Protein chains: 2
Amino acid sequence: MAKKVQKPTDASTEEKIREAARKLFTQKGYASVTTREIAEEAGINLALLNYYFRSKEKLFLQIMEESMQQFIQGVVVLFNDENTSMDEKIDKLVSNYIDMLISYPDLPLFILSELRSNSNKLAMKLDSQIGLARSTFIRQIQEAMRAGKIPEVHIMHIIANMMAMMVFPFVASPLLKKIGHVNDKQFMELMQERKKLVPVWIKAMLKAR
Amino acid sequence: MAKKVQKPTDASTEEKIREAARKLFTQKGYASVTTREIAEEAGINLALLNYYFRSKEKLFLQIMEESMQQFIQGVVVLFNDENTSMDEKIDKLVSNYIDMLISYPDLPLFILSELRSNSNKLAMKLDSQIGLARSTFIRQIQEAMRAGKIPEVHIMHIIANMMAMMVFPFVASPLLKKIGHVNDKQFMELMQERKKLVPVWIKAMLKAR
DNA sequence: AATATTTTTAAACAAATGATTAAATTGTTT
DNA sequence: AAACAATTTAATCATTTGTTTAAAAATATT
């Protein structure tokens with residue numbers, strides 16, 4: 001009979017496993033990571049993984065839930081700020097979000113990859129994001145459209161374009177480094193630059209017709 | 001001793017395997033696909049996979065090479081057209097490339113995912129793309145920058161932005177469908193729309209300051 | 001200190017997986 | 001038709017992989 005963890009004890013073993021799993025899953029994806037790899041990376045006995053998390057999949061789902069939350073958490077808050085204009089939101093959002101991506105550059109490709117193979121299992125976790133379409137920010141854009149300040153297009157285009165400008169470089173970094181002849185350091189400097197450039201580009205796009 | 005295929009015979013068996021492998025690898029990634037799955041999808045005996053391709057990895061590398069070529073093939077040709085202006089190239093490129101992506105929507109996420117986990121093995125295959133940075137199109141952009149028609153930014157930003165606007169929606173389709181409340185059919189219609197919208201947005205971005 | 005509980009360990013299990021073998025079948029050449 | 005080569009098949013092999021077990025060690029409770 002499976003034992004329950006009644007005391008978090010040091011929390012250290014459980015957390016060591018979680019951290020090792022997060023690192024490896026994020027780098028290589030669920031299917032490419034073995035439980036033995038995780039155990040070794042965490043410096044613990046293999047059986048402890050199942051003792052604390054029951055199965056590789058349960059462990060993965062925990063990691064995935066945290067990762068998806070991190071992926072959208074910052075967005076949701078900023079999207080619903082009632083006290084800032086549309087343009088101010090764009091500035092803040094892009095800067096904060098690119099900062100997050102610089103800290104966790106492998107996060108988006110991990111999430112998008114797993115979302116493809118496991119869309120069924122992870123469908124529920126997406127529900128939290130449905131609200132985005134009715135956020136203050138989206139309403140501000142739609143109002144600007146009705147007022148004729150911005151050409152009318154399907155809101156999905158806007159969301160796609162904004163995400164694309166922020167996220168895509170991190171998803172395609174190996175490709176972009178090769179094509180653009182930039183090394184890792186230069187790449188990160190360019191990502192820093194984008195914190196100021198992307199808002200300019202997005203605003204220009206929004207008004208373009 | 002491994003036998004060599006001396007006659008392509010019907011080419012049908014070999015091609016059936018290749019097609020099944022392409023489909024499955026593209027959908028689920030290298031690590032999630034088993035040789036038995038490929039054999040079943042192809043409707044052939046398991047041993048034939050090794051008879052024709054020696055190993056799962058050799059088969060994968062063949063598929064990957066073809067996929068990467070398809071991913072950039074259209075771009076290279078258009079990028080080097082001497083007889084079109086920068087703006088004309090943008091129109092053609094976007095329209096053709098999005099058409100390709102509509103036909104093979106899983107291609108980009110597949111390539112970008114495998115490029116992450118296997119960057120070492122696939123590094124060589126990327127060399128063919130290095131030339132992109134010295135194409136006619138890139139030179140036209142750089143001339144427009146020197147002429148002051150376009151603000152000066154690192155060329156990687158331009159490449160990243162253009163790729164992002166074309167590719168990202170296909171990489172993030174499950175997410176965008178959820179957030180934007182669009183079904184598969186509507187999504188494809190929106191992608192068709194983008195063939196005309198993205199060039200407008202890109203041109204606006206290029207000039208933005 | 002004695003006892004119970006929780007955590008850790010080494011070993012093993014069963015299933016899955018990539019690959020191979022040897023025989024059978026099909027096709028080609030002479 | 002006979003002989004040879006190429007292709008296909010079923011069975012098997014050796015590892016790998018996720019998971020479990022039972023005992024030992026560490027920690028907490030009485």
Side-chain angles (χ1 to χ4, degrees), chain A residues 1-64 114 117-118 120-122, chain B residues 1-64 114 117-118 120-122:
Chain A
M1 293 298 100
K3 295 169 190 170
K4 277 279 179 63
V5 180
Q6 294 168 349
K7 289 189 180 179
T9 58
D10 209 356
S12 88
T13 298
E14 192 175 340
E15 196 52 30
K16 270 191 286 182
I17 298 173
R18 210 194 314 278
E19 274 318 305
R22 188 199 320 282
K23 175 180 171 185
L24 292 172
F25 282 148
T26 305
Q27 274 176 5
K28 321 202 309 175
Y30 177 77
S32 308
V33 177
T34 69
T35 53
R36 282 169 179 81
E37 266 184 287
I38 298 173
E40 194 184 7
E41 173 78 28
I44 54 97
N45 185 285
L46 172 60
L48 288 176
L49 191 151
N50 295 78
Y51 177 75
Y52 282 105
F53 297 94
R54 306 291 306 261
S55 72
K56 181 192 177 188
E57 184 170 346
K58 292 254 175 60
L59 171 56
F60 169 73
L61 287 174
Q62 255 190 53
I63 304 288
M64 196 61 190
E114 301 299 340
S117 351
N118 308 343
N120 34 345
K121 290 176 189 172
L122 304 171
Chain B
M1 292 297 100
K3 296 169 190 170
K4 276 279 177 65
V5 181
Q6 293 168 350
K7 289 186 180 179
T9 58
D10 209 358
S12 90
T13 298
E14 191 176 339
E15 195 52 29
K16 271 192 286 182
I17 298 173
R18 210 195 313 277
E19 273 318 304
R22 188 200 320 283
K23 176 182 170 184
L24 292 172
F25 281 148
T26 306
Q27 273 176 6
K28 321 203 308 176
Y30 177 77
S32 309
V33 177
T34 68
T35 53
R36 281 169 180 81
E37 265 184 287
I38 298 173
E40 194 183 9
E41 173 79 28
I44 53 96
N45 186 285
L46 172 61
L48 289 176
L49 191 151
N50 294 80
Y51 177 74
Y52 281 105
F53 296 94
R54 306 289 305 255
S55 73
K56 181 191 177 188
E57 184 172 346
K58 293 255 174 59
L59 171 57
F60 169 73
L61 287 174
Q62 254 189 53
I63 304 289
M64 197 60 191
E114 301 299 340
S117 350
N118 309 342
N120 34 344
K121 290 176 188 172
L122 304 171

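Values in this document were obtained by computation on a predicted structure and should not be read as measured data. The sequence lines fix the lettering, A, B, ..., with proteins before strands; numbering per chain opens at 1.
In this entry the distance linking OH of A/Y51 with C1' of D/dT27 reads 11 Å, nearest Å. Atom P of nucleotide C/dA10 and atom CG of A/N45 are separated by 6 Å, given to the nearest angstrom. Atom NZ in A/K56 sits about 15 Å away from atom P in C/dA16, given to the nearest Å. Atom pair A/K16:NZ and C/dT7:P shows a separation of 14 Å (rounding to whole Å applied). In this entry the distance linking OH of A/Y52 with P of D/dG18 reads 20 Å, nearest Å. In this entry the distance linking CD of B/E14 with C1' of D/dT7 reads 12 Å, nearest Å. If you measure from atom NZ of B/K28 to atom C1' of C/dT17, you get 14 Å, rounded to the nearest angstrom. For the pair B/I44 CD1 and D/dA10 C1', the interatomic distance rounds to 14 Å; values are reported in whole Å.
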Can you list, pair by pair, the side-chain donor-acceptor contacts under 3.5 Å of residues 38-47 of chain A, counting residues two or more places apart and other chains?
residue, atom, partner, partner atom, Å
A/E41, OE2, A/K23, NZ, 3.0
A/N45, OD1, A/A47, N, 2.9

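Side-chain atoms of B/E37 come within 3.5 Å of backbone atoms of B/T34 as a donor-acceptor pair (strictly under, hydrogens ignored). Panel note: side chain A/Q27, backbone A/L24; no donor-acceptor pair is recorded below 3.5 Å.
Sorted by residue number, the members of residues 32-42 of chain B with any non-hydrogen atom under 4.0 Å from DNA chain C read B/V33, B/T34, B/T35, B/R36.
Of the charged side-chain nitrogens involved, at least one lies within less than 4.0 Å of a carboxylate oxygen, so that A/E19 and A/R22 count as a salt-bridged pair.
Between A/L48 and B/L49, the residue whose closest nucleotide on DNA chain C is further toward the 5' end is A/L48.
Remark: A/K56 engages no residue in a salt bridge (charged side-chain N to carboxylate O under 4.0 Å, His left out) (not counting sequence neighbours).
Relative orientation of the B/F60 and B/Y30 rings is tilted, given thresholds of 30° and 60° on the angle between their planes.
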